[in-house]
Trainee: 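After the structure tokens below, expect a handful of questions from me.
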Number of protein chains: 2
Amino acid sequence: MNPPTPRPQPIGRLAEATGLKVPTIRYYEQIGLLPSPPRSQGNRRLYPDSAIARLRFIRHARELGFEIESIRQLLDMADHPDQSCADADSIARRHLADIQSKIARLTALGEEVSQMIAGCRQSSVRQCRVIQVLADHGQCLGEHLAGSVKINEK
Amino acid sequence: MNPPTPRPQPIGRLAEATGLKVPTIRYYEQIGLLPSPPRSQGNRRLYPDSAIARLRFIRHARELGFEIESIRQLLDMADHPDQSCADADSIARRHLADIQSKIARLTALGEEVSQMIAGCRQSSVRQCRVIQVLADHGQCLGEHLAGSVKINEK
DNA sequence: GCTACAATCTCTAGCGACTAGAGAAGCAAG
DNA sequence: CTTGCTTCTCTAGTCGCTAGAGATTGTAGC
Ligand SMILES: [Zn+2]
Ligand SMILES: [Zn+2]
Ligand SMILES: [Zn+2]
Ligand SMILES: [Zn+2]
């Protein structure tokens with residue numbers, strides 16, 4: 001007679017369903033990304049099904065390199081689907097610019113490091129190109145400028 | 001009569017000479033990258049000229065993305081110039097591999113994010129491609145796998 | 001019911017490489 | 001002497017988790 005009520009899930013099952021670790025889910029709750037679910041008699045968290053979608057969203061955004069603060073805003077927007085998506089798009093564009101800066105920086109670093117390695121004749125430290133270049137930026141190819149951009153994430 | 005003795009420098013001048021910030025220099029001392037210099041009567045650090053070269057080495061290596069622990073080993077080698085440079089080279093090769101992994105990962109992310117942005121018609125959140133893709137990895141181009149590689153540094 | 005064992009709970013601390021701030025003391029010029 | 005700059009030490013914050021301790025709860029087998 002009752003409509004099939006989906007059972008609330010304990011945190012471990014939620015972790016399985018989303019690919020996140022249990023402490024990570026608790027962490028997301030702690031920082032307010034995931035609403036605190038109701039608890040069982042014994043104080044265990046019991047999640048509604050909607051938590052899975054929310055956590056998958058978070059996980060996917062993290063895998064794509066979005067910062068937690070951006071994800072917070074994106075989730076807010078996802079919760080208000082009638083608003084304009086301009087803000088979501090600008091977050092994504094900002095993120096893309098960030099990714100591209102990081103790639104540019106890493107490419108420059110990679111070239112310098114490649115050159116160091118290629119230039120080494122495998123003898124003593126005294127004659128090692130790696131050590132020599134590290135000691136003197138003048139021997140670098142280019143500027144590989146100190147990043148104003150942070151190259152972060154897992 | 002005396003040979004021209006270079007004056008020991010206070011930390012601020014060292015910061016100027018190396019482009020590092022004063023607290024950063026103290027931090028490097030604290031973690032044992034830079035030896036503790038003698039102090040003045042008033043307990044100020046007074047650095048010998050050799051500190052400049054050492055700090056420039058550190059700074060340059062950091063700008064090239066080497067981790068502190070690698071730099072510690074590289075400095076040890078630089079202090080023993082008669083040894084083989086094999087270890088220095090393998091540190092550099094490892095670092096290069098790391099850089100290349102990061103570039104690969106960022107390139108994959110960048111493609112996904114570009115697609116999200118390009119697919120958006122700038123209307124409501126409900127129809128926003130950015131939000132839709134974040135909610136469903138199935139709409140991604142590829143795998144942009146969760147990094148075992150850390151994309152770090154400034 | 002009882003006994004294992006697994007899952008979950010809270011809380012704290014650690015990672016890397018700094019950066020920021022407080023509050024005290026030293027130092028040089030006017 | 002006073003003003004203002006530099007330096008000192010110490011603590012805490014950044015980011016996104018992760019690891020661990022120690023306590024409690026839930027569950028399956030007997
Ligand atoms: Zn070499
Ligand atoms: Zn250089
Ligand atoms: Zn949009
Ligand atoms: Zn995806």
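Lettering follows sequence order; numbering is per chain, from 1.
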Trainee: Considering only side-chain heavy atoms of B/Ser40, which listed nucleotide, C/dC9, C/dC27, C/dC18, is closest?
Mentor: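 Selected nucleotide (nearest to the side chain): C/dC27.
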Trainee: If you check every side-chain atom of B/Asn43, which of D/dC8, C/dC18, C/dT8 has the closest atom?
Mentor: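 The nucleotide sitting nearest to the side chain is D/dC8.
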Trainee: Is a side-chain N or O of A/Arg54 found less than 3.5 angstrom from the main chain of A/Leu33, in a donor-acceptor match?
Mentor: yes
Trainee: Of A/Gly42 and A/Lys21, whose closest DNA chain D nucleotide lies nearer the 5' terminus?
Mentor: A/Lys21
Trainee: Evaluate the side-chain proximity of A/Glu29 to A/Ser36: yes if any heavy-atom separation is below 4.5 Å, no if none is.
Mentor: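 SC-SC contact between A/Ser36 and A/Glu29 confirmed.
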Trainee: Between residues 22-32 of chain A and DNA chain D, which residues have a heavy-atom gap below 4.0 Å?
Mentor: A/Thr24, A/Tyr27, A/Tyr28
Trainee: Taking A/Thr18's backbone N and O only, do any of them form a donor-acceptor pair with A/Arg59's side chain (distance below 3.5 Å, no angle check)?
Mentor: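 Side chain of A/Arg59 to backbone of A/Thr18: a pair is present.
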Trainee: Any donor and acceptor pair, going by atom type alone, linking the side chain of B/Ser114 with main-chain N or O of B/Gly110 inside 3.5 Å?
Mentor: yes
Trainee: Less than 3.5 Å apart, any donor N or O on the side chain of A/Arg129 or A/Gln139 sitting next to an acceptor on the other?
Mentor: yes
Trainee: Take atom CD of A/Glu67 and atom P of D/dC17, then tell me their distance rounded to the nearest Å.
Mentor: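 In whole Å, D/dC17 P lies 11 Å from A/Glu67 CD.
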Trainee: Taking side chain as C-beta onward, heavy atoms only, is A/Leu55 less than 4.5 Å from A/Tyr47?
Mentor: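 Result no, sub-4.5 Å side-chain heavy-atom pair not found.
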Trainee: Which atom pair, heavy atoms only, marks the closest approach of A/Ser84 to A/Ala86?
Mentor: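 Taking every non-hydrogen atom into account, OG-N, 3.0 Å.
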Trainee: Between B/Leu14 (CG) and D/dC8 (P), how many Å, whole number?
Mentor: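 To the nearest whole Å, that distance equals 11 Å.
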Trainee: Using 30° and 60° as the class limits, which term best fits the ring planes of B/Phe66 and B/His95: parallel, tilted or perpendicular?
Mentor: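 Answer is tilted, since the angle falls between 30° and 60°.
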Trainee: From CD1 of A/Ile68 over to P of D/dT14, roughly how many Å is that when rounded to an integer?
Mentor: 14 Å
Trainee: Under 4.0 Å between a side-chain N/O of B/Arg39 and OP1 or OP2 of D/dT9, yes or no?
Mentor: yes
Trainee: Starting at CD of A/Gln41 and ending at P of D/dG26, how long is that distance when rounded to a whole Å?
Mentor: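 Value for this atom pair: 7 Å.
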Trainee: Rounded to the Å, how far apart are B/Arg59 CZ and C/dC18 C1'?
Mentor: 15 Å
Trainee: Nearest whole Å is fine: how far is D/dT6 P from B/Leu46 CG?
Mentor: 16 Å
Trainee: Anything under 3.5 Å between a protein N or O and an N or O of nucleotides 1-6 of chain C, put it in a table, one pair a line.
Mentor:
none

Trainee: Give every pair of a protein N or O atom and an N or O atom of nucleotides 2-5 of chain D that lie under 3.5 Å apart, one pair per line with the distance.
Mentor:
none

Trainee: Identify the residue among A/Arg105, A/Glu111, A/Glu112, A/His137 that makes a side-chain hydrogen bond (donor to acceptor under 3.5 Å, both in side chains) with A/His144.
Mentor: A/His137
Trainee: If you look at every heavy atom in B/Ala15 and B/Val22, which pair is closest and at what distance?
Mentor: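 Looking at all heavy atoms of both residues, the closest pair is CB-CG2, 3.8 Å.
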Trainee: Show the nearest heavy-atom pair for residues B/Met77 and B/Ala88, with the distance to one decimal.
Mentor: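 Looking at all heavy atoms of both residues, the shortest contact is SD-N, 3.3 Å.
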Trainee: Whole-Å distance between C/dC18 P and B/Leu55 CG?
Mentor: 12 Å
Trainee: To the nearest Å, how far apart are B/Ile11 CD1 and D/dC8 P?
Mentor: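 Roughly 5 Å, once rounded to whole Å.
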Trainee: Determine whether A/Leu46 and A/Ile52 fall in the same hydrophobic cluster, where Ile, Leu, Val, Met, Phe, Trp and Tyr are linked whenever their side-chain heavy atoms lie under 4.5 Å apart.
Mentor: no
